[in-house]
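Structure first, then comments.
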Number of protein chains: 2
Amino acid sequence: MDERGQTLSEQVHLALRESIVRGELPPGRRLLVLEIANALEISQAPVREALERLKQEGLLDSKSNKGSVVADIRKEEIEEIYALRELIEWHAVRQCLPMLRQSDLDELDAICERMRNAAESDDHFRFIDLDMDFHRFFFAKAGNRTILQLWDQITVKIKRFLAITNKLYFPDLLSIAEGHSPLIEALRAGDEAEIERRFIRHINEVWWRMDKSKDLQRTRR
Amino acid sequence: MDERGQTLSEQVHLALRESIVRGELPPGRRLLVLEIANALEISQAPVREALERLKQEGLLDSKSNKGSVVADIRKEEIEEIYALRELIEWHAVRQCLPMLRQSDLDELDAICERMRNAAESDDHFRFIDLDMDFHRFFFAKAGNRTILQLWDQITVKIKRFLAITNKLYFPDLLSIAEGHSPLIEALRAGDEAEIERRFIRHINEVWWRMDKSKDLQRTRR
DNA sequence: AACGATAAAATTATCGATAATTATATCGAT
DNA sequence: ATCGATATAATTATCGATAATTTTATCGTT
């Protein structure tokens with residue numbers, strides 16, 4: 001189990017979340033408090049609390065007294081999340097524009113470089129984390145902590161979505177990494193309209209290609 | 001205690017949330033698990049779970065092993081929330097425009113009428129609920145359930161903010177109720193640019209007036 | 001008096017068990 | 001065989017108590 005996190009509950013929460021995001025616990029999989037507690041050799045309380053948090057994050061579905069099930073990845077929900085993402089991410093980027101320094105662009109370059117590394121070693125999960133870090137940069141810089149929190153919330157679901165779709169539809173991670181360079185270039189050039197065009201396009205690219213593909217959930221019970 | 005909600009945890013959660021939003025439990029107030037459990041004559045578990053949820057909602061501050069304290073209402077946070085609100089609410093309203101029917105406008109009128117009633121009986125809390133219902137209408141109609149959830153999340157904090165500021169700065173509830181009529185008129189007329197102007201203005205009106213006023217939190221420990 | 005170390009008290013985090021609820025299996029009637 | 005009723009098992013929700021942690025009080029030293 002993960003050693004980050006102070007309390008047992010946190011550790012269980014983070015460990016389970018990672019497993020769900022990575023798809024090791026697939027949609028539809030039932031999670032039983034006692035089963036997990038026994039497996040980890042701890043009592044039910046912290047497990048219960050961890051499941052409660054996952055519920056709040058929308059990673060688990062559950063009706064009261066009916067237990068917890070790893071949530072489906074519904075096409076409609078991804079669509080909704082991407083609509084929201086487009087809205088807040090462009091807002092964040094625009095807020096950033098006046099304060100962007102050379103050092104910021106360097107940092108973005110560095111993230112891209114790390115993405116290329118992850119791509120070469122075919123480390124899908126590290127790649128996704130870095131991809132999200134790239135975009136998180138603007139939320140952090142924009143200085144609206146409420147929106148930053150919101151980004152961190154939806155990031156969890158986006159990561160889970162990408163963990164599946166990248167493997168299936170975008171095996172060429174290197175080209176995804178390169179997809180970020182035009183963004184940095186545009187930022188460097190400073191033409192706001194062009195920046196907006198490229199960000200909106202970039203954000204929606206994955207989703208646009210997905211739209212036509214088959215349904216996402218597959219595992220049952 | 002409140003009878004809504006299936007489980008004890010839920011009941012405690014809703015009851016405490018209401019108390020915090022209404023300001024009966026003021027910012028800085030410490031909440032002790034055992035104290036609450038004894039007062040309600042239940043065990044610690046459901047109380048603990050309720051506090052956990054309030055933490056997640058941002059109504060409580062807490063470090064691990066250090067207990068829970070009713071969160072401050074920080075000016076910066078309200079500012080952030082209103083920036084986010086403007087973004088998503090205008091998005092929701094715009095999404096709605098093509099589908100608005102006469103019956104929808106009637107429904108909005110009805111909510112306004114109820115707001116006037118609440119204003120006349122000087123029921124601040126019911127008034128705030130109705131005010132939020134008015135705006136929730138567009139999120140519900142727009143059909144993006146993720147954004148609707150987001151609205152419900154930030155609504156809690158907005159309500160708490162309004163519960164304080166309305167009493168202090170806007171005692172004339174009737175005029176606030178009337179402030180919604182121009183919105184309905186604009187919707188009826190159908191001029192998108194004008195609708196946008198009026199909504200943006202309306203959303204920010206409270207906040208703009210607040211900005212210059214004194215600090216919000218007052219209660220300590 | 002101010003400071004730091006130690007002891008006492010308060011509080012949360014975790015535990016293991018019971019009560020309440022829901023899901024599953026069994027069985028007789030049709 | 002299918003259905004409904006009943007009993008059984010599985011699982012969550014709640015309980016009361018202990019362990020771990022943090023806060024507060026005490027007290028000697030400077």
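Residue numbers start from 1 in every chain, and the chains themselves are labelled A, B, ... in the order their sequence lines are given, proteins ahead of strands. Just so we're clear, the structure is a prediction, and the values are computed from it rather than from any experiment.
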Q) Under a 3.5 Å cut-off for both distances, is C:dT30 Watson-Crick or wobble paired, and to whom? A) D:dA1
Q: Give the B/S/- string for nucleotides 12-20 of chain C, one per nucleotide from 5' to 3', where a protein heavy atom under 4.0 Å of the base yields B, of only the sugar-phosphate yields S, and otherwise -.
A: SSBBBB---
Q. Got a sec, which residues hit side-chain contact (heavy atoms from CB on, under 4.5 Å) with B:Lys66, two or more places apart in sequence or on another chain?
A. B:Lys63
Q: Only one of B:Glu77, B:Glu80, B:Glu79 passes side chain to side chain donor-acceptor pair (under 3.5 Å) with A:Thr146; say which it is.
A: B:Glu80
Q) Should the pair A:Phe139 and A:Trp151 be assigned to parallel (<30°), tilted (30 to 60°) or perpendicular (>60°) ring geometry? A) parallel
Q: Check salt bridge (Lys or Arg N to Asp or Glu O under 4.0 Å) between B:Asp61 and all other residues, then give those that pass, not counting sequence neighbours.
A: none
Q) Under 4.0 Å between a Lys/Arg side-chain N and an Asp/Glu carboxylate O for B:Asp152 and B:Arg136? A) yes
